[in-house]
Amino acid sequence: MKKKIILILSLISILSYSQTKKDSTRTTSLEEVIVTSYKIPKNKKILPNQVESISAKQIEFQNYQSTAEMLSNSGSLFVQKSQQGGGSPAIRGFEASRVLLLVDGFRMNNLIFRTGHLQNAITVDENLLESVDIFYGPTSTIFGSDALGGTVNMTTKNPKFLSQTHKAFSGSINTRYGSVNNEKSIAFDLNYATSKFASLTVFSFNDFDDLKMGKKKNRRSDYFGERLFYTTTINGIDQVVENSNKYIQKNSGYTQYNALQKLAYKTDSDFEHNINLQFSTTSNIPRYDRLTDVSSTTGFKNSEWHYGPQQRILAAYTLDKEKAFLNSDVKISIAYQNAKESRHNRRFGNMNLQNREENVNMYSFSADLHKKFNKGELFYGLESYYETLNSTANKENIVTGEISGLDTRYPNGDNMMHRNDLYVSYNEKSNEKTAWSAGFRAGYTTLKSTITDDTYFPLPFSKINQGNFTYSGSLGIVQNTSKNVALKANLSTGFRVPNIDDFGKVFESGDGFVIVPNEDLTPEKTLTGDIGFVIQSDSKRFKFENTYFYTRMYDAIVTDAFEYEGQSTILYNGSNSQVLANQNKGKAYITGISTNIRGYIIDALQFNASFNYTYGRIVEEQNESPLDHISPYFGKLGLSYAKNKYAIDVYMLYNGKKDIKDYFANGEDNEQYAPKEGMPAWETYNLKGSYSIFKNAKLFAGIENILDTQYRVFASGINSPGRNIYGGLKYTF
């Protein structure tokens, strides 16, 4: 494996360097991307930690169907899928509740974010986005709990004042169609501007039919994941029927609606008031992997399994003022968020549909301050988040309509979580060669939960009360050894406070396993060291970046064998199930490398390549075992051409093989949805283009997975899209 990795990196380096020639007369260059976060310097060049950014221009051109697809196709991080309507980003071997999702700086992670796989990223539609910043490694010092593997900061579009747009009314309409799932998408935005007031309104709609998988064999691998049969209910009787097209993943389609409203007002005294309103909801989203679970007696285990409409609401008020306090720029934010999600499942032949619903409310206050000095910048502030959860459940007979009781997924009483943090960081560019940064965060988190009715599953306790003091720090340096070479080093800690999902849930996890609460959990903690370098040509037409990281994880929470009241097996949901529980399993380590190469071959023709490799193990008494969420190596190779009215992008996405011996057994790696030997390696070839028909109209078209390769991403429960021919038109006014 090591030889293969070295060979790949060597070939990439040779190809890129040989094609890139020094020519100071050329004007095209690779400029530093501006990072869109109020808590760190905007110039990526002086940051000691790894940061990748996706710009509005890239988002528009790539025309991906969802934010999850945009992230997975960036080559910058790994995304798992259990169903078409989802996408769970993983950064450096951390996923779900160990990766922090932000929208406009507000936490999306809440007290029921699980350690498994999440689909919350799709609730921020790509048509709403201005940019995305991906922060690698522990960023708890900057952003707080959960940022163990990294942070994905999604920034939505902002209203423009008259000085920015020079029009009172401006906007655009964008449409797209994709063949692989009969996609029909449309987005509309309207900006109203005056010198002091601005308003931005955005609506988008996405409709996806059942997803088609590829038809062509993936290298030497066997055909895999074809949908030969599926279940349906006719006259109240569940039946297994033959699929007329085995490449169509029956019962995987869904629709989504999104809206954004922003208002901005500048006063004569230089205060800026901002209102940020966001709404997203979906249709029912079939949980495709569970619909394919087989049974030796009935053919399939489940006749129904879907998530109910996933709703996200954000209402925020922000006040900005330069030099408002101690000569510091001040940003004060007050926000309310609501997240609703539900699970609905019914066993084959059982007419009782189980419905479990969760309603989360999140209230937050933050004050972020920024002060500039002669050579440095000081960032400091406070954050407070208060979250509540209402968990309900019932059982409905689909034939008679009778409603009866059912155990809830989380404690059915009062559930709350309260986070309070203070943070400070300082960045200084001491001279032309040296920049350094240091930061610290401290806070206290409380969690309270009550069980008012334990009829369905008696527990040895009725209350959970926890208080955790949290802290993290970071120290980094950037040293420019010459005008062409920069060395970077960063040491940082991270933390994740256990939430209600870690403590209080009881649910079935695959074949014959049930997860029960463990009230003895403690926070997870990490310590990470990054070492990297950047090589850039004099003309800034070639750049090579490489980062090596090593993470030690302490008190890692993993799901493993457990005894409940002295028993290793219990009767749950009619089946004798082995008991599992979330536990602090001592120590784990994760290490890896990330490489990015970008360079211009000729004017307007750019070469780019990325490579990411991660290795993780749990350490127990000198024995090592696989850690879950560790993706195989992955990356992207491509050529991009842009000149005048045309833009063309041709690229290859690739993933290495994940051997079954490297899976974490009975965990979130989902070995039951992989071939016998593990998930095969794969690559896809893709072609995209755009053409400006006239000044205000742009045509987009492309072919994804040109060879129609049949493949599945590691840990996923649904095959990836086959050949997709898409087209779209954007008109601006």
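These figures come from a predicted structure and were not determined experimentally.
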Margin query: Using ring centroids (six-membered ring only for Trp), state whether Phe135 and Phe143 fall under 6.0 Å.
Written below: yes

Next item on the list: Measure the acute angle between the ring planes of His117 and His629, then classify it against the limits of 30° and 60° as parallel, tilted or perpendicular.
Entry: perpendicular

Notebook entry, point to check: Please walk me through it: do Phe348 and Phe300 pass ring-ring contact (aromatic ring centres under 6.0 Å, His included)?
Noted result: CA-CA 7 Å; Phe348 189 93; Phe300 289 99; 7.6 Å; no

Next item on the list: Measure the spacing between CG of Asn670 and OG of Ser82 and express it to the nearest 0.5 Å.
Entry: 6.0 Å

Item checked: is_close_aromatic(Phe94, Tyr136), centroid dist under 6.0 Å -> no

Notebook entry, point to check: When you check the side-chain N and O atoms of Ser449 and Asn415, is any donor under 3.5 Å from an acceptor?
Noted result: yes

Note to self: One thing to verify: whether Glu358 and Lys340 come together as a salt bridge, which I'm taking to mean a side-chain N less than 4.0 angstrom from a carboxylate O.
What the structure shows: no

Check: When you measure from the centre of the six-membered ring of Phe495, is the NZ or CZ of Lys525 under 6.0 Å away and within 45° of the axis?
Finding: no

Check: Above 12 or not: heavy atoms from other molecules or residues under 6.0 Å from CG of Asp414?
Finding: no

Check: Between Asn584 (side chain) and Asp555 (backbone), is there a donor-acceptor pair under 3.5 Å?
Finding: yes

Margin query: Does atom CZ (Phe224) have a neighbourhood of more than 12 heavy atoms from anything else shown, all under 6.0 Å?
Written below: yes

Margin query: Evaluate Phe208 against Tyr254 for ring-ring contact (aromatic ring centres under 6.0 Å, His included), listing each step before the verdict.
Written below: CA-CA 5 Å; Phe208 308 105; Tyr254 74 102; 5.1 Å; yes

Notebook entry, point to check: Would you call Arg712-Asp289 a salt bridge at under 4.0 Å N-O?
Noted result: no

Notebook entry, point to check: Can you list every ring pair (Phe, Tyr, Trp, His ring centres under 6.0 Å) pair that touches residues 383-408, not counting sequence neighbours?
Noted result: Tyr386-His418

Next item on the list: State which residue, out of Thr408, Asp407, Thr392, fulfils the side chain to side chain donor-acceptor pair (under 3.5 Å) condition with Arg356.
Entry: Asp407

Note to self: With side chain to side chain donor-acceptor pair (under 3.5 Å) as the criterion, how do His344 and Ser342 come out once you've worked through the C-alpha distance, each side chain's angles and the decisive distance to 0.1 Å?
What the structure shows: CA-CA 7 Å; His344 310 267; Ser342 59; 2.7 Å; yes

Note to self: Evaluate Phe78 against Tyr633 for ring-ring contact (aromatic ring centres under 6.0 Å, His included), listing each step before the verdict.
What the structure shows: CA-CA 9 Å; Phe78 183 86; Tyr633 69 81; over 10 Å; no

Margin query: Assess whether a salt bridge exists between Arg347 and Asp238, defined as any Lys/Arg side-chain N lying under 4.0 Å from an Asp/Glu carboxylate O.
Written below: no

Notebook entry, point to check: Would you call Arg114 and Asp501 a salt bridge, using N to O less than 4.0 angstrom?
Noted result: no

Check: Is a salt bridge present between Lys676 and Glu671, judged by a nitrogen-to-oxygen distance below 4.0 Å?
Finding: no

Next item on the list: Might you work through the side chain to side chain donor-acceptor pair (under 3.5 Å) test for Thr233 and Arg346, ending with a clear yes or no?
Entry: CA-CA 11 Å; Thr233 304; Arg346 183 172 62 83; 3.1 Å; yes

Notebook entry, point to check: Looking at Glu387 and Arg419, does any basic side-chain N land under 4.0 Å from a carboxylate oxygen?
Noted result: yes

Next item on the list: Taking atom types as modelled, find out whether Thr528 and Thr551 have a side-chain donor-acceptor pair closer than 3.5 angstrom.
Entry: yes

Next item on the list: Step by step, work out the side chain to side chain contact (heavy atoms under 4.5 Å, CB included) result for Val152 and Leu102.
Entry: CA-CA 6 Å; Val152 179; Leu102 301 174; over 6 Å; no

Notebook entry, point to check: Side chains of Arg312 and Asn338: closer than 4.5 Å at any heavy-atom pair?
Noted result: no

Item checked: Phe469 ring center near Tyr444 ring center (under 6.0 Å) -> no

Next item on the list: Report the residues that fulfil salt bridge (charged side-chain N to carboxylate O under 4.0 Å, His left out) with Lys81, sequence neighbours left out, ordered by chain and then residue number.
Entry: Glu69

